[in-house]
Protein chains: 2
Amino acid sequence: MAKPKEVNLTKFELEIMEVLWDIGEASVREVQEKLHERKRPAYTTVQTIFARLEEKDAVRRTRKIGNAFLFEPLITRKSVYRRLIDQFLDLFGGSAEPVVARLVETGKLTLADLKAIEEQRAVASEPTEGSNRKRGRK
Amino acid sequence: MAKPKEVNLTKFELEIMEVLWDIGEASVREVQEKLHERKRPAYTTVQTIFARLEEKDAVRRTRKIGNAFLFEPLITRKSVYRRLIDQFLDLFGGSAEPVVARLVETGKLTLADLKAIEEQRAVASEPTEGSNRKRGRK
DNA sequence: ATCAAGCTACTACGATTGTAGTTTTTAATA
DNA sequence: TATTAAAAACTACAATCGTAGTAGCTTGAT
């Protein structure tokens, strides 16, 4: 049932999910309008993606407002990210080395960053939960 | 002319390239035999992938031995990895945070690893200021 | 010269994905 | 109630990918 599904999302599906994760529950129209103008696809395209996400049990319809359905996520951002990342690392034989090297090379990862993360983990290691809403930037 | 192409490789194409990068120049048969038995596709499947790699200018025929062609890579492992990684990070809005968090979580990245990499880089680029004492092993 | 084995060249096919059009339903309104 | 605008539902289609079959050419061995 509520078992964390093993869902593979495409890039576009992921973008839709990001919007949905951010606002929790949304109509097709709402999501479509949140997409950046430059790459905003037709309404029906977004509809199609929603249909596929439903098919994959990644979202579900909650209720109907007027004649539009609202959708909500059935999978967490965290679980999707985890899967994406693990699959990606498999490309390199599971070794993180090329990825880390590139992160350092592009300045996206510094010692300070890592320290912060490790400390955070040390502190927050017991209250296991997936209610992680804030997106770290930087 | 020999400009580093922007080549997108699929998982399977990448596996073929890995073999080719390892041995430098190889026939279809050689590559096919190097693939792990469990997931070894038919000879003609590998051939098809080679044709697609040729199409993408990722490999080129060098010479003919008997009636078999030999192929060599036209792109470097490093450039492919870089592209893969950068594209992957784009999925997360270019933020490395989720990836780093996962690496730490799975124990694939520790402070020590990062220190080693950073020092290596510092040394490799320019030995300016003196905050490096330990050198990377590996 | 013949022939088998291996190789190339060509073709095929289903699944997935990005993309959107067409038809039908429904809710709001004139 | 008849009209209409929006959304749903269904359908389509081309590109890419994993996968491999088949036909025909090359070559080394009889």
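Chain naming here is simple, since letters A, B, ... match the order of the sequence lines and numbering starts at 1 in each. What you are looking at is a predicted structure, and each value in this text was computed from that prediction instead of being measured.
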[N] phosphate, OP1 or OP2: any side-chain N/O from [X] under 4.0 angstrom?
X       : N      : answer
A:Lys56 : C:dT17 : yes
B:Arg29 : C:dC7  : yes
A:Thr10 : C:dG18 : yes

Under 3.5 Å, which N/O atoms of the protein pair with N/O atoms of nucleotides 8-11 of chain D?
{"residue": "D:dA8", "atom": "OP1", "partner": "A:Phe69", "partner atom": "N", "Å": "3.0"}
{"residue": "D:dA8", "atom": "OP2", "partner": "A:Tyr43", "partner atom": "OH", "Å": "2.6"}
{"residue": "D:dA8", "atom": "OP2", "partner": "A:Gln47", "partner atom": "NE2", "Å": "2.9"}
{"residue": "D:dA8", "atom": "N7", "partner": "A:Gln47", "partner atom": "NE2", "Å": "3.2"}
{"residue": "D:dA9", "atom": "OP2", "partner": "A:Arg61", "partner atom": "NH1", "Å": "3.0"}
{"residue": "D:dA9", "atom": "OP2", "partner": "A:Arg61", "partner atom": "NH2", "Å": "2.8"}

> Should A:Leu109 and B:Val100 be marked as a side-chain contact (heavy atoms from CB on, under 4.5 Å) after you check the CA-CA gap, both sets of side-chain angles, and the distance that decides it?
Replying inline: CA-CA 8 Å; A:Leu109 175 60; B:Val100 175; 3.9 Å; yes
Rounding to a whole Å, what distance do you find between [X]:[atom1] and [N]:[atom2]?
X       : N      : atom1 : atom2 : result
A:Arg40 : C:dT19 : CZ    : P     : 14 Å
B:Phe12 : D:dT16 : CZ    : C1'   : 15 Å
B:Glu33 : C:dG6  : CD    : P     : 11 Å
A:Glu13 : C:dT19 : CD    : P     : 12 Å
B:Lys11 : D:dG18 : NZ    : C1'   : 13 Å
A:Phe50 : C:dT19 : CZ    : P     : 16 Å
A:Arg63 : D:dA7  : CZ    : P     : 16 Å
B:Ile65 : D:dT27 : CD1   : P     : 12 Å

> Is B:Thr106 reaching over with its side chain to a backbone N or O of B:Arg102, donor-acceptor style, under 3.5 angstrom?
Replying inline: yes
Are the side chains of [X] and [Y] in touch, meaning some heavy atoms are under 4.5 Å apart?
X       : Y       : value
B:Glu72 : B:Leu20 : no
B:Glu25 : B:Phe71 : no
A:Ile65 : A:Ser27 : no

>> On DNA chain C, does the nearest nucleotide to A:Val46 precede the nearest nucleotide to B:Arg52 from the 5' side, or the other way round? Give the residue.
In response: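 Here B:Arg52 is the residue nearer the 5' end.
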>> Test of understanding: with side-chain contact (heavy atoms from CB on, under 4.5 Å), list the residues that count as partners of A:Pro98, not counting sequence neighbours.
In response: A:Phe92, A:Ser95, B:Tyr81, B:Ile85
>> How close do B:Glu33 and B:Arg40 get, counting heavy atoms only, and between which atoms?
In response: O-NH2, 3.1 Å
